Asks: 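Below is one structure. I have some questions about it.
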Amino acid sequence: MNYRVLGKTGFNVSEVSLGTWQVGGRWGEPFNEQTAEAIIHSAIDAGVNFIDTADVYSDGLSEAAVAKVVKSRSEEVFIATKCGRQIQPHVSEGYTPESITRYVEGSLRNMNLDTLDLIQLHCPPTQVYTRPEIFETFDRLKEQGKIRNLGVSVELVDEALMAMRFPNVTTVQVIFNMFRLKPIEQLFPAAQKNNVGLIVRVPLASGLLSGKMSHQTTFNSQDHRAFNRNGEAFDKGETFSGVDFDLGLEAVEELKKLFPGEEPLAAWALRWVLMFPEVSTVIPGASRPEQVTSNLAAAALPALTQEQMEGVRTIYDRYIKPTVHQQW
């Protein structure tokens, strides 16, 4: 495993880490604690020392499972969690110093911790990034010893740029993959300039970049890939990176030609993310331990050639950019 510095946190984190949105099992299935613990243990066994969760993942069961496993291990493992999505309706007015404090304290209780390594605002409405009192709340929480660092998880590049105006923001979590290239233009240089760590989520575009899907692929009715293709439940960009499924499949066929051989497209898609030194860590999810192993194998692949990097850009420009580039 290779490690990279996570911005101003100073944490030296595994470049391929673990996201736990579906860590308790496949989409639409009940949370399975044994499965969750097996996945987390397998990640730590392989050198992962950064795990991302959230208070709303499986109604707090993900947070609890992550903390339980981490506390049972001797290795130093950093836990990042998120808050804010419990606010309903999810509007800026719901974000107050009191509500934020309540959610942070709730995560501490749920994980039986005294301090959170990293707390992230969980894709709040854009207006929240114009409210200094919300960001100042985290300074108070740090003074009280309840958090070590503040980060933000964003939908829009503009939101990330707004967040970085606050000096206590140490990390930005953002969607970045072969179908989402916009962060390269402004976010990457700004993060480097401000020493902000970049956490990359949805690196496989909700599985599109696994190369295993087809027009016949179906999804469980409770799977966001079945019910959120047009943003019915949350931001459209979280599902297939906002790319039309059929169009995405066409682009994937072109990518397969660019990356022939035995290694799956998913591995090359993760290795592509790691080609950018501005990225601190990428956090693919896993619904079983075997997926952790395959995700981590991507880090051992050779660097992409200039031809391959240019090829990805060409495919993006042809198939993806016209419809999604300016949306996020």
Side-chain angles (χ1 to χ4, degrees), residues 6 8-9 11 19-24 31 33 36 40 50-71 77-156 159-160 162-174 196-197 199 201 233-235 238 283:
L6 185 62
K8 288 182 280 189
T9 70
F11 299 162
T20 61
W21 195 2
Q22 77 265 33
V23 76
F31 187 88
E33 186 174 353
I40 298 163
F50 182 82
I51 302 175
D52 178 80
T53 184
D55 56 4
V56 293
Y57 291 173
S58 300
D59 295 322
L61 295 176
S62 174
E63 275 190 335
V66 169
K68 179 181 178 182
V69 172
V70 168
K71 285 188 287 185
V77 179
F78 303 107
I79 300 176
T81 191
K82 300 186 282 295
C83 67
R85 297 301 297 202
Q86 293 188 62
I87 296 170
Q88 295 297 330
H90 191 230
V91 294
S92 176
E93 291 77 11
Y95 284 78
T96 66
E98 293 76 20
S99 67
I100 290 299
T101 299
R102 185 167 65 250
Y103 295 135
V104 167
E105 292 173 344
S107 289
L108 287 170
R109 287 192 300 271
N110 193 34
M111 294 192 281
N112 193 25
L113 295 172
D114 296 322
T115 306
L116 300 177
D117 293 323
L118 174 63
I119 182 70
Q120 303 159 96
L121 286 171
H122 197 173
C123 299
T126 303
Q127 297 92 325
V128 172
Y129 297 100
T130 67
R131 298 176 56 196
E133 74 275 15
I134 299 302
F135 290 83
E136 290 168 0
T137 299
F138 292 97
D139 286 332
R140 306 291 84 75
L141 290 167
K142 187 173 182 179
E143 291 167 1
Q144 295 165 15
K146 295 177 180 177
I147 69 168
R148 296 175 67 185
N149 296 282
L150 167 65
V152 296
S153 183
V154 303
E155 299 290 2
L156 307 176
E159 292 171 344
M162 294 168 71
M164 282 190 281
R165 297 173 186 168
F166 297 96
N168 61 346
V169 171
T170 63
T171 64
V172 166
Q173 185 176 144
V174 65
V196 168
I199 302 167
R201 72 177 189 277
F234 41 79
D235 192 274
E238 295 285 347
I283 53 170

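In this text the structure is predicted, and so the values were computed from the model without any measurement.
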Asks: Enter the distance from R148:CZ to T9:OG1 here, rounded to the nearest 0.5 Å.
Replies: 8.0 Å

Asks: How many angstroms lie between atom CD of E105 and atom SG of C83, to the nearest 0.5 angstrom?
Replies: 11.5 Å

Asks: Identify, with sequence neighbours excluded, every residue that meets side chain to side chain donor-acceptor pair (under 3.5 Å) alongside E93.
Replies: none

Asks: Applying the side chain to side chain donor-acceptor pair (under 3.5 Å) test to S107, which of E63, K146, K82 qualifies?
Replies: E63

Asks: Measure across I87 and S99 and return the closest heavy-atom pair with its distance rounded to 0.1 Å.
Replies: CD1-OG, 4.4 Å

Asks: Excluding sequence neighbours, so at least two apart, what forms side chain to side chain donor-acceptor pair (under 3.5 Å) with E159?
Replies: T126

Asks: Which atoms form the tightest heavy-atom contact between S92 and P125, and what is the distance?
Replies: N-CG, 3.7 Å

Asks: Only one of T53, D52, N110 passes side chain to side chain donor-acceptor pair (under 3.5 Å) with S62; say which it is.
Replies: T53

Asks: Under the criterion side-chain contact (heavy atoms from CB on, under 4.5 Å), I'd like the reasoning laid out for R201 against W21: C-alpha separation, chi angles, the key distance, then a yes or no.
Replies: CA-CA 10 Å; R201 72 177 189 277; W21 195 2; over 6 Å; no

Asks: Test F50 against D117 for side-chain contact (heavy atoms from CB on, under 4.5 Å), laying out the working first.
Replies: CA-CA 10 Å; F50 182 82; D117 293 323; over 6 Å; no

Asks: Output the distance between atom CZ (R165) and atom OG1 (T130), rounded to the nearest 0.5 Å.
Replies: 9.5 Å

Asks: Side chains of V23 and F31: closer than 4.5 Å at any heavy-atom pair?
Replies: yes

Asks: Knowing that exactly one of R131, E133, H90, Q127 qualifies, which makes a side chain to side chain donor-acceptor pair (under 3.5 Å) with Y95?
Replies: H90

Asks: For a side chain to side chain contact (heavy atoms under 4.5 Å, CB included) with Q120, tell me which candidate from N149, I199, T81, L150 qualifies.
Replies: I199

Asks: Check G145 against T115 and note the closest heavy-atom contact, atom names and distance.
Replies: O-OG1, 2.7 Å

Asks: Does a sphere of radius 6.0 Å around CG in D59 hold more than 12 heavy atoms from other residues, nucleotides or ligands, not counting ones at 6.0 Å or beyond?
Replies: no

Asks: Salt bridge check, R140 against E143: does any charged N sit closer than 4.0 Å to a carboxylate O?
Replies: yes

Asks: Rounded to the nearest 0.5 Å, what separation is found between the CG atom of L141 and the CG atom of L116?
Replies: 9.0 Å

Asks: How far apart are the closest heavy atoms of T137 and P97, and which atoms are they?
Replies: OG1-CB, 3.3 Å

Asks: Just do the side-chain contact (heavy atoms from CB on, under 4.5 Å) check on L113 and K71 with the steps written out, would you?
Replies: CA-CA 9 Å; L113 295 172; K71 285 188 287 185; 4.2 Å; yes

Asks: When rounded to the nearest 0.5 angstrom, what distance separates CD1 in I119 from CZ in F138?
Replies: 6.5 Å

Asks: Under a 4.0 Å N-O cut-off, is there an ion pair linking K142 with E136?
Replies: no

Asks: Rounded at 0.5 Å granularity, tell me how far OG1 in T171 sits from NZ in K8.
Replies: 9.5 Å

Asks: Identify the heavy atoms of P124 and S153 that sit nearest to each other, and give their distance.
Replies: CD-O, 3.8 Å

Asks: For Y129 and F135, take the angle between the two ring planes, folded into 0 to 90°, and tell me which bin it lands in: parallel under 30, tilted 30 to 60, perpendicular over 60.
Replies: tilted

Asks: Measure across P132 and F166 and return the closest heavy-atom pair with its distance rounded to 0.1 Å.
Replies: CA-CE2, 3.7 Å

